[in-house]
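Working notes, structure below.
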Amino acid sequence: MSSPLSAGFCELVFNSAEAPEGVTPILQVLSVKKINAPGAAGQDRYRLILSDGKHFIQAMIATQLNHLVDSKELDKNVIIKLTGYVTNAVQGRKLVIILNLETVQWNGEKIGNPTNLEQQQSAGGGASTSAPAQAAPKQEVGGFQARQQLTAGRGGPQAKAGGVKGKQDVGPLYPIEGLSPYQNKWTIKARVTQKSDIKHYSNQRGEGKLFSVTFMDETGEIRATGFNEAVDNFYNMLEEGKVFFVSRARINIAKKQFNNVNNEYEIMFENQTEISPCDDDSVPQVKYNFKGIDALGETQKDELCDVIGVVREVGEIGSVTSKATNKPFAKRDIQLVDSSGHSVRLTLWGKQAETFQADDQPVIAFKGVKVGDFGGRSLSMFSSATMSVNPDIPEAHQLRGWFDAEGRNTQFQQYTNAMNNGAAGAGAAAGGVRPSELKTIGEAKDEGLGMSDKPDFFTTSATIAFVKQETFSYPACANPEGCNKKVVDTNDGYLCEKCDRKWDAPIHRYILSMNVMDHTGSFWITAFNDQAEQIMEISANELNKLKETGEDINTHFQKTTGKTLTFQMLAKQDSFNDQPRVRYTCRKVSAPDYVGDSAHLSQLISQMSV
DNA sequence: CCCCCCCC
């Protein structure tokens, strides 16, 4: 029986700079292996060894074909027809990247005894028992004479449409999901779903400007950034909502910490990058996954989500100074409502705050806004967030109808601090505790809270294991205006160097050092006067008096150990003996809210079972 | 090559 395989294909790929045109080879899979490199959106990636019966060659499959591996349709000894592929040299090795394939009926036996072309080549080429490795590209080889247009992914006959205006060969049409740094010849056809402002920056390397866009097609999204010349070349052309061909750009590993676009990679526009408009509107529009305003309590702080609502009120423009950078930012709050009868505040920043105009109570769809916990729940525009005013989507029409008919006169329920972490109404606010994320001590440590330049806030319920008795307070300035500075004991009174005044007696204030623990671990925290007084149930001054009169103050510390409390903590980077460490300060303390905390836990559990 | 996303 003659081999069904396209003998000679491996050799052709091996000796050609580019993918052979017009061939759809039939090859046998010798092995399938998961590799240690993420796919575009973090999926697994698989490497195949493909045989043409004479030789074998390495291949990768585009992640959208992963299901074929999962379902075992693509497995050892299976025969496949490559209907979409490109070839590439990675670190001097030839690689076939499979974008589309069909499986061919076969009895499952291995065909022939294929050999490794690479070894033969590196051994001097003479070891090859097959035809000399001289096959010129784009000529008929081996047993196949296919003359089909090379198609890639879903591009079909449009593959060459990527060849913009007949310029250079820009590569086949790729699905966004198929892009990777291993492949540099590609064209995507994608819609711009988001475009940033032009940002100017200056650092040690000089000055520059940049912008970024998010592209989307039916397989995924990817962020693209252009610097300097690319700003001049493409900023105006790339309109939000329109579809473009993009090719000859670089693919980098995305720094996921800086944006929420779901892709392991990002595009960097370069000098030779080609972008041209495309009038094919079949590329999908932005997809929303709206969260009802009443359901924001289910989200975690800092989560990104999509929200649609009627702009019921527009606040005045204001300016705030960033604590981090000391730079001023324009800010504007708006109030959003939806048919759940809930309202939420959303903050716009910078240019968006300045230019925002909506005096007619429009419906606005927001994509990728950040959830905050100020005032229970609040929303904040993120740089990669988008807003669409009165979008033509069913949800918007529905909201419009509802608002005009009844919503206009509805009394809306606002988020409040009492709704701690979504535990609706549970009395967490008893002590006026501002809700911040409830964490175990282990989580606070594992997540490195307080290790960055900026302080971190969290809440933890823990039990006091030990309170330091030796140094629980300091003598403070007695100024009734509230100075609180430490005073120096001179022989004729206590001097406050700040107020430049002397007092007959200081007022003692707490600096209480405590070891607190929960089921995950323990840490040392510091509570200052007000919180410490709440914990100790006696003022530092009184406790000092007892100490000075020789009374047993130990009982006061004894009855404090073993108390379980909810601490609102500040974790901040500090150095001690030149060693960096985290200093944990208790900002507020309250009785544990068992009802609210268990509601929070049960919510976490239900999230796990999704 | 940016990468800040702030405030109360």
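So you know, we letter chains A, B, ... as the sequences are listed, proteins then strands, and number each from 1.
Closest to the side chain of A:Phe382, from the set B:dC1, B:dC2, B:dC5, is B:dC5. The side chain of A:Asn203 approaches B:dC2 more closely than any other nucleotide in the set B:dC4, B:dC2, B:dC1. Listed nucleotides B:dC6, B:dC1, B:dC2 differ in distance to A:Leu210; the shortest reach to its side chain belongs to B:dC2. For A:Thr347, the side-chain atoms get nearest to B:dC7 when compared with the rest of B:dC7, B:dC5, B:dC1. When distances run from any side-chain atom of A:Ser322 to the nucleotides B:dC7, B:dC2, B:dC6, the shortest one goes to B:dC6.
A distance cut-off of 5.5 Å between ring centres, combined with a plane angle under 30°, leaves A:Tyr201 outside any stacking arrangement with the base of B:dC2. The aromatic ring of A:Phe374 sits over the base of B:dC8, with ring centres less than 5.5 Å apart and planes inclined by under 30°.
The separation between A:Lys327 atom NZ and B:dC2 atom P is 13 Å, rounded to whole Å. Between the C1' atom of B:dC2 and the CD atom of A:Gln194 lies a distance of 14 Å, rounded to the nearest Å. Taking atom NZ on A:Lys370 and atom P on B:dC7, their separation rounds to 10 Å, with Å as the unit. Taking atom CZ on A:Arg223 and atom P on B:dC5, their separation rounds to 14 Å, with Å as the unit. A:Ile267 has its CD1 atom 16 Å from the P atom of B:dC1, to the nearest Å. One can place CD1 of A:Ile334 at 16 Å from C1' of B:dC7, the figure rounded to the nearest angstrom. The nearest whole Å value for the distance from the NZ atom in A:Lys351 to the C1' atom in B:dC5 is 16 Å. The separation between A:Asp373 atom CG and B:dC8 atom P is 14 Å, rounded to whole Å.
Using a 4.0 Å heavy-atom cutoff across all strands shown, A:Arg345 reaches at least one base atom of the nucleic acid. When heavy atoms are screened at a 4.0 angstrom cut-off, A:Thr225 is found touching base atoms of the nucleic acid. Here A:Glu266 lies in heavy-atom contact (under 4.0 Å) with a base.
The pair A:Lys209-A:Asp197 does not meet the salt-bridge criterion, since no charged nitrogen lies less than 4.0 angstrom from a carboxylate oxygen. Electrostatic pairing of A:Lys439 and A:Glu447 counts as a salt bridge here, judged by a charged N lying under 4.0 Å from a carboxylate O.
Of the options A:Thr193, A:Thr386, A:Asp306, a side-chain hydrogen bond (donor to acceptor under 3.5 Å, both in side chains) to A:Lys367 is made by A:Asp306 and by none of the others.
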Less than 3.5 Å apart, which donor and acceptor atoms pair up between the side chains of residues 523-531 of chain A and the rest of the protein, not counting sequence neighbours?
{"unit_1": "A:Asn529", "atom_1": "OD1", "unit_2": "A:Tyr510", "atom_2": "N", "d": "2.9"}
{"unit_1": "A:Gln531", "atom_1": "NE2", "unit_2": "A:Cys586", "atom_2": "O", "d": "3.4"}

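Among residues at least two apart or in separate chains, salt bridge (charged side-chain N to carboxylate O under 4.0 Å, His left out) pairs with a member in residues 235-246 of chain A are A:Glu239-A:Lys242.
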